[in-house]
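This report refers to the structure that appears directly beneath it.
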Number of protein chains: 2
Amino acid sequence: MRVDILTKSENREVQKQIISKLRDLINYKNLEPGDKLPSERMLSEKFGVSRSNVREVIQKLEFFGILKSRPQSGTFIADIGQIAISGMMADILRLEDPDFKSLVETRILLELKTVRLAALRRTDEDLAKMREALDAYKKKVLNGQDAVQEDLLFHLAIAQASKNSTMNTFMLIITPGIITNFEKYHVCDANLSFQGIQEHEDIYEAIKEQDPKKAKEKMKTHFKILYQYCYNV
Amino acid sequence: MRVDILTKSENREVQKQIISKLRDLINYKNLEPGDKLPSERMLSEKFGVSRSNVREVIQKLEFFGILKSRPQSGTFIADIGQIAISGMMADILRLEDPDFKSLVETRILLELKTVRLAALRRTDEDLAKMREALDAYKKKVLNGQDAVQEDLLFHLAIAQASKNSTMNTFMLIITPGIITNFEKYHVCDANLSFQGIQEHEDIYEAIKEQDPKKAKEKMKTHFKILYQYCYNV
DNA sequence: TAAACCAATCTGGTTAACCAATTTATTAAT
DNA sequence: ATTAATAAATTGGTTAACCAGATTGGTTTA
């Protein structure tokens, strides 16, 4: 059906075009929330793209909670109202790839909260996992090895202990980008990691003592250098 | 190949099983970051699942930044280290669906930050969009209509003005869940919406004046009822 | 008239064959 | 022996046919 050859980046464009056309369709046909979308076959023909492309986009919009696919039945518009659907799709089209600064900014925000919640809600099991991650980190650092991964896994253990699945998910989403950029820009060099051990221990201790205020304070200290890095570069 | 019949929820289980097996494979075969995964065909046969299932999982893990697929070449493990890969995959397996409380908690956290950043970074264009969203909200409320959607679109406009694409994305992800639950539990009844107009106007004004402190304060006021609701139910 | 049944149709999901770009292995030339 | 050229195999992506469950419309039955 399609004639042109597409590279990977162009495929992203195709997805955006489909989202755009889908939004127009919903607006034009005045489809209400809960209504059924035309079938995947219909859409692929109407938009002049492959059914796989349509399915990819549907899956993506399903992740954003805009669509809901039901086997052998159809794809339905989420019950959040037409205006919200249209507005959100416009926003999704406008989304940019996150830059490092954006990631760090978000990470600091999230972690100053998860560490508080972890101090309030942690179980003994959570504590054991954090201990394990912290020991792995210490071992690497004391061996003079790079320990960015172990560092982040400790922080992910805190996110888990916060018992907030949304923040936990978000932490997971930003982690790879953080690691990559840290290694790229050598944010954590050896002596910084060494200092990090005590800071991590302090955080762990505060969570163990179930002291949210202290936990947040220790995390703030831990992020001090990161703050500077984020707002200077 | 498969004999059993799968419902939608069981399909989720299959995806988890694939992720689990994939993690074991990476650990067992000692695959390093940057290494190539076995081909999709190979994996589907090895795991006893369809190639589509494998592709779905790869796409999901690609979203989390763990894998990277290159056409006509292969699927590669992200360059974030073996320990991080293994740890993250374990975390992803453990992820639960977000509950309402988790969503609200995260929303409040995000918005108290985006509103500050919006006050600092907003352009005139951002301001115009917020004004537009706010007017749509006011019109609905003054007509006595439900305006949950318009409410959220105003808040999404703030997220956009914050110029932090990660937080913007996260706000989009939680929005449908927020709307659904708001409508379900009637969080915003008529007189509450009426009061919301002034609160929204205050927030808008603070962002217009580029006063981050005031903006955050006004947002906090706006969330006051929400706070109570979140921590009581 | 309305409820119950049934077959034709439509649906998202799955499968397998196919495509073109890429990688690897083989051959040829220097 | 080394490099260049080339052919074979491998890859993710695409396509089209197929599957089983859901839906729909018409028909029959009480």
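Below, chain A is the first sequence line, B the second, and so on; all start at residue 1. Note that the structure is a prediction, hence the values are computed from the model and not measured.
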Name each donor-acceptor pair under 3.5 Å that joins a side chain in residues 17-28 of chain A to protein atoms two or more places apart or in another chain, with its distance.
| residue | atom | partner | partner atom | Å |
| --- | --- | --- | --- | --- |
| A:K21 | NZ | A:F47 | O | 3.4 |
| A:N27 | ND2 | A:R23 | O | 3.4 |
| A:N27 | ND2 | A:S86 | OG | 3.4 |

Whole-Å distance separating the CG atom of B:L67 from the P atom of D:dG13: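 It works out to 12 Å between those atoms.
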Distance test, side-chain N/O of [X] to OP1/OP2 of [N], below 4.0 Å:
X: B:T75; N: D:dT11; result: no
X: B:R55; N: D:dG13; result: yes
X: B:S52; N: C:dT14; result: no

Check side chain to side chain donor-acceptor pair (under 3.5 Å) between [X] and all other residues, then give those that pass, not counting sequence neighbours.
X: B:Q82; answer: B:N30
X: B:N168; answer: none
X: A:R41; answer: none

Ring center gap for B:F170 and A:F170 short of 6.0 angstrom: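 Between B:F170 and A:F170, the centre distance is under 6.0 Å.
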Any residue meeting salt bridge (Lys or Arg N to Asp or Glu O under 4.0 Å) with B:D126, in chain and number order, not counting sequence neighbours: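 Residues passing salt bridge (Lys or Arg N to Asp or Glu O under 4.0 Å) with B:D126: B:K163.
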Nucleotide nearest B:Q72 when distance is taken to its side chain, options D:dG12, C:dT14, D:dT14: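 Selected nucleotide (nearest to the side chain): D:dG12.
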Residue-level proximity of residues 23-41 of chain B to DNA chain D when a heavy atom falls under 4.0 Å: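 Listed by number, they are B:S39, B:E40, B:R41.
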Polar pair under 3.5 Å, donor/acceptor by atom type, side chain B:R70, base D:dG13: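 Not at all, since no donor on one side and acceptor on the other fall under 3.5 Å apart.
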Sugar-phosphate only, base, or nothing, as touched by A:S73 at under 4.0 Å among non-hydrogen atoms: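 Touches sugar-phosphate only.
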